[in-house]
Structure formats: C-alpha cells, structure tokens
Amino acid sequence: MLLTEELSGLVGRAFAAEGYDAALGAVRVSDRPDLAQFQCNGALAAAKAAKANPRAVGEKIAARLKDESMFSEVSLAGPGFINLTLTDDALASRIAALAADHRLGGWTATAPETVVLDYGGPNVAKPLHVGHLRSAIIGECLKRLFRFVGWTVYGDIHLGDWGLPMGQLITELKREQPSLPYFDEAISGPYPDASPVTLEDLERLYPQASAACKADEARAAEARQATAELQAGRPGYRALWKHFISVSRAGIEREYDDLGATFDWWKGEADVDPLIAPMVDKLRAKGVAVEDKGAVVIRVARDDDKKEYPPLILYKSDGGVMYGTTDLATIVDRVESVNPDRMLYVVDGRQRDHFEQVFRASDIAGIYPKDRLEHLWFGTMNGKDGKPFKTRAGGVLKLRDLIDMVEERAAERLKESGFAEGYGDDEAAEVAHRVGLAALKFADLSNPRTSDYIFDIDRFVAFEGKTGPYLHYASVRVRSVLKKAEAADAGAPGPILITEKEERDLALTLLQFGEATKDAVEKRLPHYLCEHAFTLAQAFSKFYAACRMVDEKDDAIRTSRLSLATAAGRQLDVILDVLGMPAPEQM
RNA sequence: GACUCCGUAGCUCAGCUGGAUAGAGCACCCGCCUUCUAAGCGGGCGGUCGCAGGUUCGAGUCCUGCCGGGGUCGCCA
C-alpha cells in the first residue's frame, strides 16, 4: 500500500469516528516541508459542509491521532491543516519494506487492464522528423509504465501506408520511369522481385510529388486517381506499393531502434483494407452509414455540440477511403484480435476533432464503446518563435540529424569533463549515445504531455540541472560509491538508521515513488514520473554531498547509508528503465 | 466567425478535487574539490500569476467579459 494511502486510512478512521466522511482523511505530502512531512486538509472541507469551525474539527481529529505511535508530531496549523510527521523508526521500517520489494515501492494496478497502445504513426517514404519525436517517446514510456504496474500492452506502430501519399509516389515514379511494368495495364504480373526504388529514391520522390500536387491540380487529381486504383486492387500498383513498404520499413525500423522504441505490432492502415468493405456494408444495412454528396458517411454530430462535427467519411465520392475509414476498421481489427479493455492513441493534439469523430462513429456503429477509446494527445511542437518548428534553412529537421547532434554534443562534454579518460572508443560512444538520448527524452517527457512544446536545440543539449544526464549522473554515482564500498570492505548494507536530515529527506522521497507511478498511470502523464525521478536524484545528490559512506566510522550509520544508497540507485534505475533512458555503467 | 489549447520570475516550464509564505531548471552573483565522479552541493537575486469584474472564510486554480498567441473547422494525413 502507498504510504499516503496508509496515512489516509488512518486519518479517515479518525474522521469517521467523529461522524464525518472517511474520505475527508485524504493525506498528501506537505506543501510546507518546514512544518511537517504530510498534511490533511479534510477539516476545512468537513467544517464547510457542517458549518462548523474548521479548527475545532481539526482539534478533534488531531486528538485522536496523537496516540498513534508512527507519528512523532501531530499538530494543527493555519485555518485547520492537520500536520503529520512520522518518527524516524516508522520511516526506517517502511524503507526496509521498500528495499525488499523488487519494484522498489512502485504502484501495482488494482485492476490491471489489457490495452492496445497506438503510437509512432510513421508514414511510408517519409523519413522521421522532429514531429515524430513526441509520439514515439511518450508512447514508448507509457507502454513501459503500464507494463510496470501490471497491465498487458500491445504496442502498435500503425504505419501510414494506405493514403494519398501512396498514389503520389506511384504517379511521381511513373513520370521518372514510365517504362516500368507496374504501369502497363496490359501486364498483370508476375512483377520483378527486386525493388525499382531505394530508400533514398523514396525520400526524394515523396517531397517532390507532394510539392507537385500542391502546385498543380492536374497532378493532384492524377495522384488521387492512382490512390483509388491502388485501393481498388490494381495489380501493378499493388506490387509496386509492396516494394515501397518493404524498402521504407527497413529505414523506419532502424530509426525507432535508435530511439529505443519497439513495437509489438507493425500493422499498417492497409492491413485492415479487407475489413473495410464488409464493415461498411454492415453499417449501411444498419442505416448507420449513409450516402451524402456522393460519399458514404457516418453522421456524428449531436444536438448539444458546441461546435460543428462534420460526418466521418468512409468512402469519398471517388470511391477512395480516408484515414478515418482505416482508423475505424482498425478498431474492428483490434476487437477481433485481442478485444482489449481499452484502446489508447498517442497522437498530436491537432487531431482531436478527428479522433472525436472516429470514436463517436465507433460508438454509434456499435463497434467499440467510446468511453474506452482515449486520445492521449500531446502538444504541438513549435519553434522558439511560437510558430511550427523549422530549421534555419526553413525545412523540417530529420530525427536522425537531431539524434546525431545530441550524441555529438554528449561526446564533446564527456571529453571536456575528463570522464571519458580510460574508456575505449566503443564505451565512450555507448555512453554518448545513452546520455544524448536521455537528454532528448527527458526534455520531452518532463513536460506535461498536453502542453505545447517549444522545440529548442539548446535545451536538448543542455546537460546541467533538470535533465536526463543529471539523472544518469546520479545513477552512476550510486554505482560508483557502492563499488568503492565493496572494494574497501565497508560491509554489507545494513538496517536503516536515520540520523541526518538528508537521510530523512531521501527516505521520504523514496516512499513517494508509489504515488508518482499511480498518478502517471491514472492520468497517463509521464511527467509525474519525471518529476519524481528528478526529486529522487536531487535527494540522493544532497545525501551524497552531506553523508559519507565508504569512510564513515560508525558501522551502523555506514551500513545504513549503504542501504539507502542501494535503494535509491535501484529505484532510480527502475524509473530510468520505465522512461526508456537507461543510464550507462559509468560516465 | 465557431470551437479548442494557452498566457505564472529575464528564458523554458511545474502548481494534483479551490487552501498555509506561488515552486523548479536555465541565466546572473557569491561560496564549496589534499575525502566516495564538481554533468555536483550550498547561498543570493528575481513574480501586480495577461487585464477587469464575480463566487468564496479563502482564487494562479472556479464563473463572466476583454486583450494577446497557437491550433482545428467534409471528401489530405
């Protein structure tokens, strides 16, 4: 049980004994650490409801708590805050339990769920750019976090391989190499096994095609036509399209691998293509899908809507499908395959209206209830000027280049600081990779998911203060000092004995891990976990600066500190693993 | 125009169901390596919480209006 839950239960019983709602006993970490470790504000709420004096209510509750042996102090302050401070013995016994737990006090879901987590969402032929960063990083972290608390998670990359860009690629290639057999309607296969394009070709063709279609309506129409024919099953286009996907996927896989993002499913929009026709037929029969202006749609607007929700288009008037169609069919697919308790989408907030449409459509169609579909949207990534991020040259920054930049900077810092002395080239590169990636990930994850995001290179390569590398540094120092202790035969970690303020603060921080994981899971907000990780690293750093370990003469104090350091290091490493940014062995 | 997210220290941001003296990090200034990694630790400077009303014993937090910015608004994804 979480410490705050244990305390809330205790205080809640005191409220109940005085005839109040036990829920008023909610205890949380104190806002005023100078006054107490924990606080309960329930007396204020109780007094409000009962029209009584809050201090009088507080006095009665406090009086009932004074006998509890785990408190060293129970007091009433201000308008009616109940302040609680634990005895060092009570803290020590709870740290002992935490250290014995292989999850270091992490929260365990009371009702574990099975969920599909949809994140990543890269598109065929488009190299990943900074815009893909957040979905990958947040999604990967949520996947690990949910698993950590006991959920079953299927991570699906949901590859964009079925829309208009495919038709644009086809028509663009046709202009360059019109003699390829894929374009000859007289030929229906077999087609060559070798791809007519390389990854570099695709990355050149797509922007070319995209620009051409924007500038020339005839080209756009041509691409739409090709898309519709591809989706209708034209053999040459299908064969060509398969090459696009396999060539593209290899590159995409490599990039996610560098980011440390892995997926259980590599499904694409096209995988649900066979489900679309039967799905739409069924919905037409039910009267859910209707014809409108030549298209087939599901109307999702409600009378009490504040804004106008356009219908979800299943078939365009040219017969092609849209991403809303594949999104809906993907829900069908997920219900049929694993029938999860929930489906979660880690996608940019600019698509909120779209998901609202899809979720409503799913609900109306009876495919899957809306209240189990969640769009875990994240903020828009802007440049320093508040406008959509662009490089100095005005283009998009490739993810690959960003990662290289950060790792180079990490390597430089490693050299400057003299940390890399004695490391082989391989290890130095590995350290730079881990530290650089942590800088990148922590800079992203430590913002609340829903906040808009100022993309700032300088922030990503800053390794001081509240950063990923700071967490790594703390982790490495724990390892290092424990190694030194072992070499000096300083004894095994012993019973917890709290004497110094820094020890007490570290213990209290360690005990807050459970709440941090619970908050992060329930709100689907990784930054709660980041906040805790930083507080923990800070508490350890202060402890490290104030409390000697290896050469502390008092045996009991020394071995206790080794225990505290061990617990702190293990908890930090568990968190770094969940955040997807494991620390190097040394740095 | 409608809807939506947002406006907190010089900069980037926290602030949980309204509660005590609004917190971090960076930047700036001062101090700390003959002792376990100074990517660290301690101290200082810095805020009319966009503006104006309202609800409340109590508002950065809730309500209304205004100002300023981002985003979305049927056959792109």
Side-chain angles (χ1 to χ4, degrees), chain A residues 26 28 30-32 34-35 39 41 44-45 47-48 54 77-81 83 121 123 160 162-165 168 210 213-214 220 223-224 227 269 292-297 305-313 315-318 320 322-324 348-354 357 377 379-380 382 384 386-388 410 413-414 416-419 435 443 446-448 450-452 454 456 458-459 462-467 469-470 472-474 476-477 479-485 488 490 515 519 523 525 527-528 531 534-535 538 541-542 544-552 565 586-587:
Chain A
R28 65 179 199 213
S30 178
D31 291 335
R32 292 286 305 272
D34 52 319
L35 299 179
Q39 66 179 333
N41 296 353
L44 295 162
K48 190 172 201 167
F81 302 106
N83 283 337
N123 295 307
W162 203 229
L164 184 62
Q168 293 178 328
S210 171
C213 289
K214 211 174 254 175
R224 281 197 298 271
T227 307
E269 297 176 293
D292 187 10
K293 296 175 191 161
V296 178
V297 307
D305 281 339
K306 282 198 201 160
K307 70 174 297 182
E308 206 178 316
Y309 281 98
L312 187 75
I313 296 175
Y315 282 125
K316 297 189 287 180
S317 41
D318 70 1
M322 296 191 39
Y323 75 136
D348 192 298
R350 283 174 291 191
Q351 306 220 12
R352 266 183 296 174
D353 288 355
H354 167 70
Q357 282 177 278
W377 58 276
T380 309
N382 293 322
K384 274 177 148 175
K387 292 185 203 145
R413 281 303 305 275
L414 206 58
E416 280 167 22
S417 315
F419 286 178
V435 171
S446 55
N447 283 318
T450 55
S451 291
D452 276 347
I454 302 281
D456 181 357
D458 296 333
R459 244 182 89 218
F463 295 163
E464 280 89 35
K466 194 172 182 178
T467 64
Y470 175 84
H472 277 184
Y473 189 62
V476 163
R477 291 215 286 186
R479 244 190 300 290
S480 174
V481 73
L482 291 177
K483 231 181 272 174
K484 283 239 160 76
E515 187 138 34
D519 283 347
K523 297 179 177 131
L525 291 172
H527 85 281
Y528 282 103
E531 201 58 44
F534 180 64
T535 307
Q538 236 177 0
S541 294
K542 290 177 184 186
Y544 181 90
C547 301
R548 302 297 304 175
M549 280 171 266
V550 179
D551 51 14
E552 165 60 46
Q586 50 176 354
M587 65 188 271

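What you see is a predicted model; the values in this text were computed from it and never measured. Within every chain, numbering begins at 1; the chains are lettered A, B, ... in the order of the sequence lines, protein sequences first and strands thereafter.
- Remark: A:Gln586 CD to A:Ser480 OG distance equals 8.5 Å, nearest 0.5 Å.
- Map A:Ser30 and A:Asp318 each onto its nearest nucleotide of RNA chain B; the residue landing nearer the 5' end is A:Ser30.
- For the pair A:Thr380 and B:G71, the criterion of a side-chain N or O lying under 4.0 Å from OP1 or OP2 is not met.
- Between A:Lys306 and B:A2, a side-chain N or O to OP1/OP2 separation shorter than 4.0 Å is absent.
- For the C1' atoms, the distance from B:G68 to B:C51 is 11 Å, rounded to whole Å.
- Using a 4.0 Å heavy-atom distance criterion, A:Gly160 is classed as making no nucleic acid contact.
- To the nearest whole angstrom, the two P atoms, one in B:U8 and one in B:C73, are 27 Å apart.
- For A:Arg28 and A:Asp31, the salt-bridge test passes: some basic side-chain N is under 4.0 Å from an acidic carboxylate O.
- In this entry the distance linking CG of A:Asn83 with P of B:A20 reads 12 Å, nearest Å.
- Classification of B:C33 as syn follows from a glycosidic angle within 90° of 0.
- Nucleic acid contact class of A:Leu414 (heavy atoms, under 4.0 Å, all strands): base.
- Using atom P as the reference point in both B:G18 and B:G74, the two lie 37 Å apart (nearest Å).
- Looking at heavy-atom distances under 4.0 Å, A:Asp305 makes no contact with the nucleic acid at all.
- Judged by distance alone, with hydrogens and angles left aside, A:Tyr323 brings a side-chain donor or acceptor within reach of the base of B:A77, the pair sitting under 3.5 Å.
- Residue-level contact check: A:Pro448 touches the backbone only, with heavy atoms under 4.0 Å from sugar-phosphate atoms and none from bases.
- Contacts of A:Gln586 with the nucleic acid, taken as non-hydrogen atoms under 4.0 Å apart, include base atoms.
- Expressed to the nearest 0.5 Å, how far CD1 of A:Ile454 lies from CG of A:Asn382 amounts to 5.5 Å.
- Nucleic acid contact for A:Ser317: base, since at least one base atom lies under 4.0 Å from a heavy atom of the residue.
- For the pair A:Asp452 (side chain) and A:Thr380 (backbone), a donor-acceptor distance under 3.5 Å is present.
- When heavy atoms are screened at a 4.0 angstrom cut-off, A:Lys307 is found touching base atoms of the nucleic acid.
- Residue A:Gln538 places at least one side-chain N or O under 4.0 Å from the OP1 or OP2 atom of B:G25.
- A:Tyr470 and A:Phe534 have their aromatic ring centers within a separation under 6.0 angstrom.
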For A:Tyr315 and A:Met322: C-alpha separation, side-chain torsions, deciding distance, then whether side-chain contact (heavy atoms from CB on, under 4.5 Å) applies.
CA-CA 7 Å; A:Tyr315 282 125; A:Met322 296 191 39; over 6 Å; no
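- Look at the P atom in both B:C45 and B:A22: the space between them is 14 Å, to the nearest Å.
- For the C1' atoms, the distance linking B:A14 with B:C76 amounts to 37 Å, nearest Å.
- A sub-4.0 Å separation between OP1 or OP2 of B:C41 and a side-chain N or O of A:Tyr470 is present.
- Rounded to the nearest 0.5 Å, atoms CE (A:Met587) and CZ (A:Phe463) are 8.5 Å apart.
- Distance noted for atom P between B:U35 and B:A20: 44 Å (whole Å).
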Distances under 3.5 Å between protein N/O atoms and the N/O atoms of nucleotides 5-7 of chain B, please, pair by pair.
none

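- With P as the reference atom, B:C67 and B:A9 are 22 Å apart, rounded to whole Å.
- In this model, the phosphate group of B:U35 is not approached by any side-chain N or O of A:Lys484 to a distance below 4.0 Å at OP1 or OP2.
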The test is side-chain contact (heavy atoms from CB on, under 4.5 Å); show your working for A:Trp162 and A:Thr227 and say whether it passes.
CA-CA 8 Å; A:Trp162 203 229; A:Thr227 307; over 6 Å; no
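- Atom CD of A:Glu308 has 12 or fewer heavy atoms from other residues, nucleotides or ligands within 6.0 Å.
- Residue-level contact check: A:Gly78 touches neither bases nor backbone, having no heavy atom under 4.0 Å from any strand.
- Within the nucleic acid shown, A:Glu552 has no heavy atom closer than 4.0 Å to any nucleic acid atom.
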Quick one, A:Gln351 with A:Trp377, criterion side-chain contact (heavy atoms from CB on, under 4.5 Å). Give me CA distance, side-chain angles, the key distance, then yes/no.
CA-CA 8 Å; A:Gln351 306 220 12; A:Trp377 58 276; over 6 Å; no
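- Across all strands, A:Arg548 comes closer than 4.0 Å to base atoms (heavy-atom distances).
- Within the model, atoms CD of A:Glu531 and CG of A:Leu525 stand 12.0 Å from one another, a figure rounded to the nearest 0.5 Å.
- Separation of the C1' atoms belonging to B:U72 and B:G42 is 49 Å when rounded to the nearest angstrom.
- Within the 4.0 angstrom heavy-atom criterion, no nucleotide atom of any strand lies near A:Glu308.
- When each of B:G40, B:U37, B:A24 is scored by its nearest atom to the side-chain atoms of A:Val476, the top-ranked nucleotide is B:U37.
- Along RNA chain B, the nucleotide nearest to A:Trp162 and the one nearest to A:Phe534 differ in position, and the one closer to the 5' end is contacted by A:Phe534.
- Using a 4.0 Å heavy-atom distance criterion, A:Asp348 is classed as making no nucleic acid contact.
- Residue-level contact check: A:Met322 touches the backbone only, with heavy atoms under 4.0 Å from sugar-phosphate atoms and none from bases.
- Put simply, A:Tyr544 has a side-chain N or O that comes within less than 4.0 Å of OP1 or OP2 on B:U37.
- Listed pair A:Lys483 / B:U37 fails the phosphate criterion, with no side-chain N or O lying under 4.0 Å from OP1 or OP2.
- Across every non-hydrogen atom of A:Val550 and A:Ala488, the tightest pair is CG1-CB, 3.7 Å.
- In this structure, A:His527 does not reach the B:G25 phosphate: none of its side-chain N or O atoms is under 4.0 Å from OP1 or OP2.
- Using a 4.0 Å heavy-atom cutoff across all strands shown, A:Leu312 reaches no nucleic acid atom at all.
- The shortest distance between the side-chain N/O atoms of A:Lys542 and the OP1/OP2 oxygens of B:G42 is below 4.0 Å.
- Remark: RNA chain B forms stems of 3 or more consecutive Watson-Crick or G-U wobble pairs, all pair distances under 3.5 Å, at B:1-7 with B:67-73, B:10-13 with B:23-26, B:28-32 with B:40-44, B:50-54 with B:62-66.
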Check nucleotides 16-19 of chain B for protein N or O atoms closer than 3.5 Å to its own N or O atoms and list the pairs.
{"from": "B:C16", "atom 1": "O2'", "to": "A:Lys523", "atom 2": "NZ", "distance (Å)": "3.3"}
{"from": "B:C16", "atom 1": "N4", "to": "A:Arg28", "atom 2": "NE", "distance (Å)": "3.4"}

